[in-house]
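Every heavy atom of this structure was used, including side-chain atoms; hydrogens, water molecules and symmetry mates were not. Below, chains carry the letters A, B, ... as their sequence lines are ordered, and counting in each starts from 1.
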Protein chains: 2
Amino acid sequence: MEFYLTVESITIFKLKVGSIMANIQQVAEKAGVSAATVSRVLNNVSSVSSKTRLKVEHAIKELNYEPSMLGRNLRNSESRLLLVLIPSISNPFYTEIIKGIETIAIANHYNILLCATDSNAERDNIYFNMVKNKLADGIISMDPTINRQKLNELAEKHPIILCSEYEEGGSIPYVTIDHKLAAYHAVKHLIKLGNKKIALINSDETYLYARQRREGYERALQEFNLPIRKEWIYHTEHLEFEHGVHAMRRLLQVNERPTAVFAVSDTLAIGALKEINVNGLHVPNDIAVVGFDKITFSNMTNPTLTTVAQPMYKMGCTAANMLINRIKGNQVESIVLDHELVIRESTMG
Amino acid sequence: MEFYLTVESITIFKLKVGSIMANIQQVAEKAGVSAATVSRVLNNVSSVSSKTRLKVEHAIKELNYEPSMLGRNLRNSESRLLLVLIPSISNPFYTEIIKGIETIAIANHYNILLCATDSNAERDNIYFNMVKNKLADGIISMDPTINRQKLNELAEKHPIILCSEYEEGGSIPYVTIDHKLAAYHAVKHLIKLGNKKIALINSDETYLYARQRREGYERALQEFNLPIRKEWIYHTEHLEFEHGVHAMRRLLQVNERPTAVFAVSDTLAIGALKEINVNGLHVPNDIAVVGFDKITFSNMTNPTLTTVAQPMYKMGCTAANMLINRIKGNQVESIVLDHELVIRESTMG
DNA sequence: CCCTTAAATGTAATCCGTTACTTCCATTCT
DNA sequence: AGAATGGAAGTAACGGATTACATTTAAGGG
């Protein structure tokens, strides 16, 4: 009896699965053609007569058929999935880039797998395996904390593009801006406004962009014969708001208080704004502030934040195009995009 | 000559592809066993002798073999991918939820496909097809603008969970909070502070949560015998900052100016804050403000924002667990989680 | 009316792993 | 020693679509 029940339930299950989705074979039978012909119709191969095409299309509608990506992908050994690696979803810097990537991806019939590594090496491994496993066709990495060596190894056999963060002299193609020049412009702007004591809130200099932005900061100061003072350079471990608050608190305690601050990210700059406000000082009259990235919220603060805009949407588009080209087997060249200084209230007296 | 070159390049390509990744057959040959045995080793099936297991594991290492997800998924007809639908990546409300989903997903050997619909029906279709196509095993939808009818149809044959936004009396399981009660608490808080003229910045009431939050707002006012005045209720089409600014501008022009504002999202509330500041008024002394969602930035504004916290991380975890259960074929029940009023500077005199 | 040729369609192999079923072999029991 | 039992491994079908190659069909030329 028990055995009978089991058999029945299996039958029901099979029936249900069958009803969920027809396969190409069933469509072929219904249309009275071979599976090959159905496949040709699906892929718009020219050599199908219009009569047959119509029959097949009719059968497809009738059966509510949708081709299985799994079968197709196995055969074509592609997944049409792009892996996008970011350090953390909560960082607004990435949102526009991702939009760019997504737009290009969809236009090329790809989809994106957005993955936050949270600077977790285990996650890295999972995601790297997805490419090895053919579950993704390529990677756009925006994670500066990623394991370089493993990434390079992977890049030998799989398409990878770096976005924003890259490796100097490395072999993996990248899209980025000229961080040094961008920082130079930002600081020069502060100098032109008459500031002579300019502080830098930088992040961890293990990251290339942090080193480059400091170089730009120093270059601007040198060019105008302003002193580079250690007390005015503060390094934060992370880019979050709280670290900006903390950095600014320290900078306000320095003997000779700076009259301007350049922070290497908007979230840091917004933290600085807050701390300056809390201390009863005025931005920009007492201290001017410049951020970096032009995240959405940089426009919502009070005062609004002067910041260096990276062409994020374009960066995303470019990275996606490069990756898709790479997947097609083409050679691609690294690209440096232009930045733009967006002057707003935090530097307008 | 040209022909020769072409042939050669094809050969090279083929060789390269071959070298990229061994398949189960090659591993089997190397280990001197059948593919079935290799598969058993991979899947930890008990009936493999330790000698054979060792041989196979050795061969796997030697060939640097990684099983292809495509083959495996086709056979098992699962993709181990969860589709997460959000209206827009740039909305910070979703970040914590996504983290929760991701954590649970990874713990269960799933990965997430994060997809922004940007309220674009075409995109909806693409994503729905991914499930029909077996490219994803199920959907967590957080998009209130999604096509209800299509979603319901899809839900008949595929696992779907709604997160935050749901359908009253619908058949799709959901996770949410009690929006009405949450709004009631927020407004009651404003009343307890002595406010008698309380404005509401609501979003489009085609969304269930918007209707429910207004009900909560009205219930609180009624309970304390305060008037519900039309001029104090403003509807915005979207949730962005600018709409909050605009709404507040209007509310400040009303004859009898409200002394407090409850906005149904933090971004709207932050817009309101900004506009109040711009008009030389003080928060909370002139006008108190309460938001909704407790997004990261609600803590970075000046003053910091009092807001209703949804348990976003937990919501994400819950939704993911529900979906995975659904995929396993289990029945799941809808869940209503607790909210919390976070009192900060924008209501603390 | 037959032959050539091209277009249209079918056949079958292939992509890669999983698993029900079968076979083989070695214990253990009588 | 021969049968019964069970453990270990192999065989082959399967999942769904694609495509090189083979075959059929129809049209055009002589």
Side-chain angles (χ1 to χ4, degrees), chain A residues 6-7 10 13-14 17-18 20-56 59-60 63-80 109 129 132-135 137, chain B residues 7 10 14 17-18 20-57 59-60 63 65-80 129-130 132-135 137:
Chain A
T6 308
V7 167
I10 285 173
F13 177 71
K14 291 260 175 185
V17 168
I20 281 184
M21 186 100 314
N23 61 19
I24 201 170
Q25 193 58 50
Q26 292 169 277
V27 174
E29 275 166 34
K30 178 135 225 154
V33 298
S34 73
T37 302
V38 177
S39 175
R40 290 192 187 100
V41 172
L42 290 171
N43 294 287
N44 280 316
V45 173
S46 51
S47 69
V48 180
S49 75
S50 45
K51 287 162 266 168
T52 326
R53 164 164 280 122
L54 244 55
K55 272 195 300 182
V56 171
I60 288 174
L63 293 175
N64 219 327
Y65 166 74
E66 304 267 354
S68 155
M69 285 296 160
L70 294 179
R72 176 175 289 173
N73 292 347
L74 173 60
R75 178 60 227 221
N76 297 342
S77 77
E78 64 172 13
S79 63
R80 300 206 82 84
H109 302 288
N129 276 336
K132 292 191 195 162
N133 288 338
K134 306 246 181 194
L135 235 185
D137 292 344
Chain B
V7 168
I10 286 171
K14 292 260 175 184
V17 168
I20 280 183
M21 187 99 311
N23 62 20
I24 202 171
Q25 194 57 49
Q26 292 169 275
V27 174
E29 276 166 33
K30 177 134 226 152
V33 299
S34 74
T37 302
V38 177
S39 174
R40 289 192 186 102
V41 171
L42 289 172
N43 295 289
N44 280 316
V45 173
S46 51
S47 69
V48 179
S49 76
S50 46
K51 287 161 269 168
T52 324
R53 166 164 280 123
L54 244 54
K55 273 195 300 182
V56 171
E57 278 164 357
I60 288 174
L63 293 176
Y65 168 74
E66 305 267 354
S68 155
M69 285 295 161
L70 294 179
R72 175 175 289 171
N73 291 348
L74 172 61
R75 179 63 230 219
N76 297 343
S77 76
E78 65 172 12
S79 64
R80 299 206 83 83
N129 276 337
M130 294 184 69
K132 291 191 196 163
N133 289 337
K134 307 246 182 192
L135 234 185
D137 293 343

Identify whether any heavy atom of Val38(A) sits under 4.0 Å from a base atom; if not, whether one sits that close to sugar-phosphate; answer base, sugar-phosphate or nothing. nothing
By the 4.0 Å heavy-atom rule, please label Val45(A) as base, sugar-phosphate, or nothing. nothing
Would the base of dG10(C) count as contacting Arg40(A) through its side chain, where contact means a donor and an acceptor less than 3.5 Å apart? yes
Base, sugar-phosphate, or nothing for Ser49(A), non-hydrogen atoms under 4.0 angstrom? sugar-phosphate
I need the CG-P distance between Asn73(B) and dC15(C), as an integer number of Å. 18 Å
Walking DNA chain D from its 5' end, the first of Leu70(B) and Thr37(B) to be reached, judged by nearest nucleotide, is Thr37(B)
Looking at every strand, decide which applies to Ser77(B) at a 4.0 Å heavy-atom threshold: base, sugar-phosphate, or nothing. nothing
By nearest atom, which of the nucleotides dT11(D), dA17(D), dG17(C) is closest to the Pro67(A) side chain? dA17(D)
side-chain N/O Asn43(A) vs dT18(D) OP1/OP2, d < 4.0 Å: yes
In the structure I gave you, are the side-chain heavy atoms of Ile24(A) and Leu42(A) within less than 4.5 Å of one another anywhere? yes
From dG17(C), dT11(C), dT19(C), pick the nucleotide closest to the side chain of Ala36(A)? dT11(C)
Touch check for Val48(B), heavy atoms < 4.0 angstrom, all strands: base, sugar-phosphate only, or nothing? sugar-phosphate
Side chains of Arg72(A) and Asn43(A): does their closest heavy-atom pair fall under 4.5 Å? yes
Which atom names give the shortest non-hydrogen contact between Leu70(B) and Asn73(A), and what distance separates them? CD1-O, 3.5 Å
Is there a side-chain polar atom (N or O) of Ser68(B) under 4.0 Å from OP1 or OP2 of dC15(C)? no
Using a distance-only criterion (donor-acceptor N/O pair, under 3.5 Å, no hydrogens), is the base of dC14(D) paired with the side chain of Arg75(B)? yes
Which whole-number value in Å describes the distance from Leu63(A) CG to dA17(D) P? 12 Å
Ignoring hydrogens and angles, are the base of dG15(D) and the side chain of Arg72(B) linked by a donor-acceptor pair under 3.5 Å? no
Are any non-hydrogen side-chain atoms of Arg53(A) and Asn44(A) less than 4.5 angstrom apart? yes
Can you tell which of dT18(C), dG10(C), dA8(C) lies closest to the side chain of Leu42(B)? dT18(C)
Rounded to the nearest Å, what distance is computed from the NZ atom of residue Lys134(A) to the P atom of nucleotide dG17(C)? 10 Å
When we call it a touch if two heavy atoms are under 4.0 Å apart, what does Asn76(A) touch: a base, just sugar-phosphate, or nothing? sugar-phosphate
Between Arg80(A) (side chain) and His109(A) (backbone), is there a donor-acceptor pair under 3.5 Å? yes
